[in-house]
2 protein chains.
Amino acid sequence: MSARLIDIARKTGYSVSTVSRVLNQKPGKYPVHEKTQKQILAAAEELGYRPNIIARNLRLRKTREIGMVVPDISKRFFSFLVKIIAKHLREFDYKMIVYDADEDTGIEKDAITNLLAKKVDGLIVCPVGVESRHLEQTIQSGIPFLTMDRCFEHLKADSISVDNYNGARIAVEYLIAEGHHKIGVIHGLQGTWPNEMRLKGYQDALKQAGIKAEKRYNQCDSFGTFNGYLEMHQMLRLDDPPTAVFFAGGYILLGALKAIREKNLNVPRDISFITFDDPTYAMQLTPPISAVAQPIEEVAAMAVKLLLRRMAEPDADIENVLLQPQLIVRDSVAKLI
Amino acid sequence: MSARLIDIARKTGYSVSTVSRVLNQKPGKYPVHEKTQKQILAAAEELGYRPNIIARNLRLRKTREIGMVVPDISKRFFSFLVKIIAKHLREFDYKMIVYDADEDTGIEKDAITNLLAKKVDGLIVCPVGVESRHLEQTIQSGIPFLTMDRCFEHLKADSISVDNYNGARIAVEYLIAEGHHKIGVIHGLQGTWPNEMRLKGYQDALKQAGIKAEKRYNQCDSFGTFNGYLEMHQMLRLDDPPTAVFFAGGYILLGALKAIREKNLNVPRDISFITFDDPTYAMQLTPPISAVAQPIEEVAAMAVKLLLRRMAEPDADIENVLLQPQLIVRDSVAKLI
DNA sequence: TTAACTAATGACAACGTTTGCAGTAATTAT
DNA sequence: ATAATTACTGCAAACGTTGTCATTAGTTAA
């Protein structure tokens with residue numbers, strides 16, 4: 001068992017109070033004789049003293065910990081987000097406790113409950129996306145709280161995400177500007193906020209250009225690779241397939257690309273596409289893929305800013321921030337005009 | 001402030017002890033009258049009682065938490081590892097606290113210190129890889145401890161990693177079997193265990209085949225994309241460039257591929273290669289890339305098994321487990337015979 | 001009837017900190 | 001010389017649990 005304050009106290013002959021004061025280096029509040037300090041510091045070093053954070057947290061009723069829950073930490077978007085947020089928090093001397101909800105609302109619920117019971121000082125949730133009642137309850141509890149990415153519009157809480165609507169819109173507008181009229185979309189899980197927004201962006205871009213959104217050009221199921229593969233095949237099997245396709249994100253690109261290869265089609269000569277999300281490998285594929293990149297670093301920085309503000313001023317007005325994604329033009333879209 | 005045991009006690013008129021007993025549902029140890037139970041349960045529900053885990057942990061001197069430190073959580077290898085390990089731990093009712101060391105030994109050290117101070121019941125570290133003194137100290141502390149991936153041979157602790165030596169060896173043996181004699185290697189950060197092992201596997205495979213390992217075919221610096229790009233360029237600029245190259249892992253592949261493209265070379269006609277690690281996109285590239293895949297799920301499962309065993313039997317013999325990676329043949333290697 | 005048990009509950013002492021308050025000795029002001 | 005101030009230190013009460021030990025009342029055995 002590791003050394004405690006009382007062990008140092010006994011060893012040096014001073015009281016626990018004095019030892020505590022020395023080790024916490026509280027500036028001038030309670031002065032401690034220099035000789036005393038030296039002795040205590042030496043004894044602490046010798047005994048290999050490490051403060052028991054649990055006891056401290058209990059006493060202080062503060063943890064300097066921020067809880068975070070993400071739907072799938074193995075996805076780069078989230079793991080990178082986690083990394084950057086943790087890095088920013090470190091600067092403010094906060095630790096982060098991340099839980100992976102594994103795309104399961106039940107686990108998400110448990111994770112939040114546990115974090116509240118651990119008395120984290122603040123909480124960031126990237127909701128799995130299907131249910132929000134437990135989030136409302138969490139807000140009730142009064143903990144500084146922030147949703148990210150798959151936000152719910154009706155929640156009375158700060159939120160930060162990228163402008164999925166606009167990102168999809170500028171992608172599709174780009175396709176149209178390059179002369180495409182028959183534009184398909186392969187999108188992800190229906191009912192989730194980002195997916196709906198991206199789909200709406202696609203539809204509005206078409207409408208604005210006076211193009212009718214063809215039902216048969218609209219495929220969906222999930223953001224997974226296999227879905228991308230199946231849907232792309234289906235789309236290519238149509239009598240008059242689209243000349244360009246918008247992938248709504250995630251791993252659809254990978255699967256769709258495989259389908260295109262199997263049909264022995266050339267990108268962008270035979271088929272053009274652009275994808276939401278910009279994975280690291282997008283620029284290494286043949287051809288390099290045009291994409292709409294989410295500004296993850298900015299999102300992370302903003303998240304920290306919003307949460308710290310909420311912690312400092314619990315009654316500040318609620319902010320719902322939307323950050324703009326960026327169109328990255330590479331070579332996967334043919335110019336038709 | 002959330003409700004405490006004492007609030008329920010006051011509300012129902014029972015003592016804190018009784019309330020605690022009811023809420024913890026300890027089987028038959030101390031019987032509580034059924035009516036009492038009902039009242040207490042009802043009051044707990046009504047007040048929205050959530051146990052304070054900090055107080056509980058302090059009292060029990062157990063946390064049911066496992067600490068984990070990884071060098072870079074944004075790398076899929078680690079984020080996936082974290083996910084799977086956390087999932088397994090969940091089954092045993094353990095939570096995981098992960099910290100990202102950001103490839104910085106200083107941060108790694110702090111993270112470990114913090115986890116020890118948090119009194120986690122066990123600790124898994126994937127070391128950054130350059131220093132190990134703090135790990136020895138950690139072992140001294142007596143906490144159930146496990147290193148993964150970038151292990152240190154001299155550490156007296158359980159460890160689990162993939163057989164980097166053999167993985168590299170079977171990859172290079174495969175190249176030789178396909179008729180290649182001029183075989184280059186682009187490897188990663190020198191001095192790290194996996195890198196050295198992979199390099200040795202490469203060298204031994206050549207030696208075994210009676211091929212001299214040419215110094216000029218041996219490039220290294222880091223596992224990053226940019227390194228892969230530079231080194232590949234350099235290798236292609238040689239008078240008699242290798243016909244095949246072994247990439248020692250990570251993101252070297254991406255950069256090297258870019259260099260090959262810039263030289264307008266065809267894979268595998270002009271140059272063949274195989275890479276350690278099998279990223280999800282490897283099979284979607286043109287051509288699909290042959291690779292040596294690390295069995296991450298198995299590694300994760302074994303890690304949990306080893307750690308739980310160590311927690312149950314602190315004095316069991318130390319185990320250093322090596323799991324075999326798998327050769328995945330796709331189309332990036334030309335058959336020369 | 002009394003002793004011995006059981007069922008149900010409460011009092012209380014931890015767990016290891018931090019910190020307000022009180023106390024003592026030494027120093028300075030009056 | 002006394003009062004006021006300062007420098008240093010210790011006491012003890014929290015923080016919210018859990019579990020040991022007592023205690024009470026009721027029940028069964030002798």
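We use all heavy atoms of the structure for the numbers below, so side chains are in, but hydrogens, waters and symmetry mates are not. Bear in mind that the values here come from a model prediction, so they are computed numbers and not experimental data. Throughout, protein chains are lettered first and strands after them, A, B, ... in sequence-line order, and every chain is numbered starting at 1.
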Once you round it to whole Å, what is the distance between [atom2] of [N] and [atom1] of [X]?
| X | N | atom1 | atom2 | answer |
| --- | --- | --- | --- | --- |
| A/Arg50 | C/dT17 | CZ | C1' | 17 Å |
| B/Lys119 | C/dT17 | NZ | P | 8 Å |
| A/Ile6 | C/dA14 | CD1 | C1' | 12 Å |
| B/Lys62 | C/dC15 | NZ | C1' | 13 Å |
| B/Arg61 | C/dA14 | CZ | C1' | 10 Å |
| B/Glu34 | C/dA7 | CD | P | 15 Å |
| A/Leu23 | C/dT17 | CG | C1' | 11 Å |
| B/Arg10 | D/dG16 | CZ | C1' | 12 Å |

Need one value for B/Leu60: base, sugar-phosphate or nothing, where a base atom within 4.0 Å counts as base even if backbone is also close, heavy atoms only. sugar-phosphate
DNA chain C: A/Ala55 or B/Val32, which has the more 5' nearest nucleotide? B/Val32
Measuring from the side chain of B/Leu58 (C-beta onward, heavy atoms only), which nucleotide among D/dT17, C/dA8, C/dG16 has the closest atom? C/dG16
Using the side-chain heavy atoms of B/Leu5, tell me which of these nucleotides is nearest: D/dT17, D/dT9, C/dT17. D/dT17
Less than 4.0 angstrom between a side-chain N/O of [X] and OP1 or OP2 of [N], yes or no?
| X | N | answer |
| --- | --- | --- |
| A/Ser20 | C/dT17 | no |
| A/Thr36 | D/dC8 | no |
| A/Tyr14 | D/dC11 | no |

Between A/His154 and A/Ser132, is there a side-chain donor-acceptor contact under 3.5 Å, judged purely by atom types and distance? yes
Is it the case that the side chains of B/Thr18 and B/Ser15 hold a donor-acceptor pair, with the cut-off being a distance below 3.5 Å and no angle test? yes
Selection residues 295-311 of chain B - residue pairs positive for side-chain hydrogen bond (donor to acceptor under 3.5 Å, both in side chains), sequence neighbours left out: B/Asp158-B/Arg310, B/Arg309-B/Glu319
Is there any side-chain hydrogen bond (donor to acceptor under 3.5 Å, both in side chains) pair reaching into residues 43-55 of chain A, and which pairs are they, with sequence neighbours excluded? A/Lys11-A/Glu46
N/O contacts under 3.5 Å, protein versus nucleotides 11-13 of chain C?
| from | atom 1 | to | atom 2 | distance (Å) |
| --- | --- | --- | --- | --- |
| C/dA11 | N7 | B/Ser17 | OG | 3.3 |
| C/dA11 | N6 | B/Ser17 | OG | 2.9 |
| C/dC12 | N4 | B/Ser17 | OG | 3.4 |

Does B/Arg64 pair with B/Asp121 as a salt bridge, N-O distance under 4.0 Å? no
Is A/Lys119 paired with A/Glu65 through a side-chain N to carboxylate O contact shorter than 4.0 Å? no
Using the side chain to side chain contact (heavy atoms under 4.5 Å, CB included) rule, pick out the option among B/Cys126, B/Ser161, B/Ser159 that qualifies with B/Thr147. B/Ser159
